[in-house]
S.K.: 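Below is the structure I would like to discuss, written out as structure tokens.
No hydrogens, no waters, no symmetry mates; every other heavy atom, side chains included, goes into these values.
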Amino acid sequence: MVRTSKKVWVIVLAFVIMAIVIAISLMLALNLGYVYSPTHADQLIKEGELCELTIEYNGANGMPEKEVKYIEAFSLYTFPKVEKDGYKFFCWFCNFVSYQESVPIYAKKIRAIAQFEKDYSSIDSPCALFSANTTYEKYEVGEYSDINQKVVDVYVDGGYGVSIFEKKDFKGKQTNIYYQGNFSGKVGSMKVFRIDTKSVTIPDLSDNTKAELLKTYAPRLWWDENEKYYASSVEFALQHLKRELSPYGYMGVVEGVDSPTYKEEYFFGDKDNMKAYGFIVEKEYKYIDLCYYIYFPYNKAKEVLGMEFGNHIGDWEHVIVRLLVEENSGVLSITPIFAQYGIHSERLYIPWNELPRFEETHPFGFIANGSHGIWPNAGKNVYKDLFIIKLSDICSEGENWDLWEGSNLETYSYDAKTWTGKGIGESNWNTCFDHDFYNRKSNSLVRWGNFGYEYPIQVYARLQNAPEGPTCKKGVFDYYTIDTRFYY
């Protein structure tokens, strides 16, 4: 009986080992079988071909009688006008590129989704919790110990903040919100408060004043003491990036690179001539966002089991300072509300009165070694906890980089309604930031680096996709909020 039991266990163990070997072999075969295509050229349509266009309306009214499925190659498709009760139409979102009215067709398959933002214009309280698409309850400044409500969105008026607690009596997980939306879940209790920061008056919102604001609130950044992969100017980058057409528009690629650890001189940046790019964007609900973007030719990611995961050519990182603009008896004043730090795919919001700052107006930012996530503090910062492995950014107070000094910062004004920009102060607009990604004769880029490998299962390190440029980022082109979620 015992011998029979041992034999069964041996057979089971042998089958388990065999299954593991087969699974690993299959995963390796799937990964090794992928052929790298830097611009997804196999997805570009050719003359005479048809493109399949799938349109999704997200419950909107005003849909055409017939849904468009196929259109002629190289044509320009004009999207229909759409409406949705309780919402404002924002744009059509097509395969990573946003369009307000029309889209050139270059890809074999395009998915277009109508994008909407909630219409908060009728709310006259500091806070409102939405429990359905258009149903909400308003809240004044104060503490609410027992709400017990499941919400789908949150409205917070300019200059106010909300601390949401998962359980009643201000217990459980806490989420702080200083802007509209971007929250869904259970609200057990809540505190609504006025953000206590100092206001200053400004003469007007002319281009010269806007340029001065970008300088006044520009961050002081610190490089890690062991950094090797520095930033550059876009002029430096464009000398090394070849403009090639992809289904998402023209992107800049480095030719001959298909390995995540492949290094060339360009990837180490241009430390002596680095630039930051400041976009001042007027938003709805009394806000102005000062968006500071920095380009790095290469992103060195993390080592896992001796291999580097997450390397990609091109890396745009940012810090955004949000200002509240108010007018009283003809006098304009601004109040800094918070700073948003871009940390890879995450966003970190720090209230202005809690921010470490230089000379009152310049928030600190620490650039992580190699991967360039920007944090408000030095040290080991964990941004993803994978239970067994924690992915961390290492930041230290090495050499500082003051963006407001000398020629470190280009200053631009950007219109989030029309997606057009212009140079202000002493800067001239750089056409590489135009929203003209399908124009063969333009200088604009939708992505600043190579496509990565597409693989069904990640077994070992691969080159990741390059990021989109600043004018594709929600902080710049989104008129309504700082970090709108797209509903796709």
S.K.: Between H312 and A466 (side chain of the first, backbone of the second, donor and acceptor by atom type, cut-off under 3.5 Å), is there such a pair?
M.R.: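 Flag not set: sc H312 to bb A466 has no pair under 3.5 Å.
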S.K.: Checking D289 side chain against V476 main chain: does a donor-acceptor pair fall under 3.5 Å?
M.R.: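 Side chain of D289 to backbone of V476: no pair is present.
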S.K.: State, to 0.1 Å, how close K198 and P336 come at their nearest heavy-atom pair, and which atoms those are.
M.R.: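 Residues K198 and P336, closest heavy atoms: O-CD, 3.6 Å.
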S.K.: Quick one: are the ring centres of Y178 and Y349 less than 6.0 Å apart?
M.R.: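 No - the distance between ring centres of Y178 and Y349 does not fall below the 6.0 Å cut-off.
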S.K.: Can you spot which of Y292, W419, Y412 makes a ring-ring contact (aromatic ring centres under 6.0 Å, His included) with F279?
M.R.: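 In the set Y292, W419, Y412, the residue that makes a ring-ring contact (aromatic ring centres under 6.0 Å, His included) with F279 is Y412.
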S.K.: Which of these passes side-chain contact (heavy atoms from CB on, under 4.5 Å) with I334: T216, L213, I288?
M.R.: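 That would be L213; it is the only one of T216, L213, I288 passing the side-chain contact (heavy atoms from CB on, under 4.5 Å) with I334.
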S.K.: Just checking Y341 against W375, ring centres under 6.0 Å apart?
M.R.: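 No, too far apart.
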S.K.: Determine whether the aromatic ring centres of residues F433 and Y293 are separated by less than 6.0 angstrom.
M.R.: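 They do not qualify: ring centres at least 6.0 Å apart.
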S.K.: In this structure, which one of Y77, Y250, Y106 forms a ring-ring contact (aromatic ring centres under 6.0 Å, His included) with Y438?
M.R.: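 Going through Y77, Y250, Y106 one by one, the ring-ring contact (aromatic ring centres under 6.0 Å, His included) with Y438 is satisfied by Y106 alone.
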S.K.: Taking the six-membered ring for Trp, are the ring centroids of F130 and Y120 within less than 6.0 Å of each other?
M.R.: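 Yes, ring centres under 6.0 Å apart.
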S.K.: Could you tell me if the ring centre of F358 sits under 6.0 Å from that of W404?
M.R.: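 That pair passes the under 6.0 Å test.
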S.K.: Is the distance between the ring centroids of Y295 and W316 under 6.0 Å?
M.R.: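 Yes, they do, as the ring centres are separated by less than 6.0 Å.
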